[in-house]
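Scope of the values below: all heavy atoms of this structure, side chains included, with no hydrogens, waters or symmetry mates. Index from 1, following the sequence.
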Amino acid sequence: MVPTNISEGSIPPSTDSVARKIAVMPKPKRPAKPRERVKGEGTIFLRGNIYWYEMHWRGQRFRGSLDTPDRETALIKWDTKRGEIRSGELPKTFEPITVQAMFDIWIQECERTCKVGTIGDYRRRWNLHLKPVFGKLLATQVTKDKVSAYLYQRMKDGAGEVSQNREDRVLQMIFN
């Protein structure tokens, strides 16, 4: 018994689910929200009060400081960094250096600026005492604890305070 008057609002139970499926319209798709930045361009962000950048390029992550608290300047610097990364001029990578290599560089500067007697003193201290302990270490391996242990051992071996201070000073000058 199907009612002839549709205005009554009664739909037979068997046709109820079919009618609802027909009556329900699909929701319209929302338009895509425009992106704030282009995918693959990287991003800048604040770390403290300094802007930094991050970018993934050819499977490698690049991240570094832009050295400025001003957003406009950071955007300009970021544009040049992005160009360097994409052109293949990658940011500086860490290359390990030995303390011996650092000494060689430092002693060249001393030869230019110091007296001959001072250079001789630096070389003797390096060759006799410092080189056997620190010469083959990487610069990152030299810690305050290692220097303190070295100076303590020198004290036990009978070196005076002046010798310890001067050897410590040579190490400090090499690392500066």
Counting only heavy atoms not in Glu161, do more than 12 fall under 6.0 Å of its CD? no
Correct closest heavy-atom pair for Arg86 and Trp57 would be NE-CZ3, 3.3 Å
For Met55 and Ile85, what are the C-alpha separation, side-chain angles and deciding distance, and is it a side-chain contact (heavy atoms from CB on, under 4.5 Å)? CA-CA 9 Å; Met55 179 179 180; Ile85 291 170; 4.2 Å; yes
Here the side-chain hydrogen bond (donor to acceptor under 3.5 Å, both in side chains) pairs for residues 143-159, sequence neighbours left out, are His129-Arg154, Tyr150-Glu167, Gln153-Asp157, Arg154-Glu167
For the NZ atom of Lys81 and the OH atom of Tyr53, what is their distance to the nearest 0.5 Å? 4.5 Å
Identify the two heavy atoms, one from Asp79 and one from Arg82, that lie closest to each other, and give their separation to 0.1 Å. OD1-NH2, 3.0 Å
Sorted by chain and number, sequence neighbours left out, side-chain contact (heavy atoms from CB on, under 4.5 Å) with Asp104 holds for Gln100
Would you give the length of the straight line joining atom OG1 of Thr118 to atom CZ of Arg123, rounded to the nearest 0.5 angstrom? 12.5 Å
For Pro96, what residues pass the side-chain contact (heavy atoms from CB on, under 4.5 Å) criterion, not counting sequence neighbours? Phe94, Leu138
Arg124: partners by side-chain hydrogen bond (donor to acceptor under 3.5 Å, both in side chains), with sequence neighbours left out: none
Do any pairs count as a salt bridge (Lys or Arg N to Asp or Glu O under 4.0 Å) and have a residue in residues 51-74, sequence neighbours left out, and if so which ones? Glu54-Arg61
Can you spot which of Val170, Ile174, Ile119 makes a side-chain contact (heavy atoms from CB on, under 4.5 Å) with Ile107? Ile119
Work out which heavy atom in Asn127 is nearest to a heavy atom in Pro132; give both atom names and the distance. O-CD, 3.8 Å
My understanding is that a hydrophobic cluster links ILVMFWY residues whose side chain heavy atoms are under 4.5 Å apart, including indirect links. Using that, what else belongs to the cluster containing Ile50? Phe45, Trp52
Between CG of Leu128 and OG of Ser163, what distance do you get to the nearest 0.5 Å? 11.0 Å
CG on Leu130 to CZ on Arg125, rounded to 0.5 Å: 9.0 Å
Atom of Cys114, atom of Tyr122 and distance for their closest heavy-atom approach: SG-CE1, 4.5 Å
Same apolar cluster: Ile97 and Val133, side chain cutoff 4.5 Å: yes
Flag yes if Met173 and Leu137 sit in one hydrophobic cluster, no otherwise; membership is Ile, Leu, Val, Met, Phe, Trp, Tyr, and two members link when side-chain heavy atoms are under 4.5 Å apart. yes
Test your reading of the model: is there a side-chain donor-acceptor pair from Lys77 to the backbone of Leu66, 3.5 Å cut-off? yes
Mind checking the CZ-CZ spacing from Phe103 to Phe175? Nearest 0.5 Å is all I need. 12.5 Å
For the residue pair Pro69 and Tyr51, what are the closest heavy atoms and their distance? O-CE1, 3.4 Å
For residues Met102 and Ala139, report the shortest heavy-atom separation together with the two atoms involved. SD-CB, 3.4 Å
Counting C-beta onward and ignoring hydrogens, is there a side-chain heavy-atom pair between Arg166 and Val162 closer than 4.5 Å? yes
Donor-acceptor pair, Asp168 side chain versus Gln164 backbone, under 3.5 Å? no
Any link between Phe134 and Met155 through a network of hydrophobic side chains (Ile, Leu, Val, Met, Phe, Trp, Tyr) touching at under 4.5 Å? no
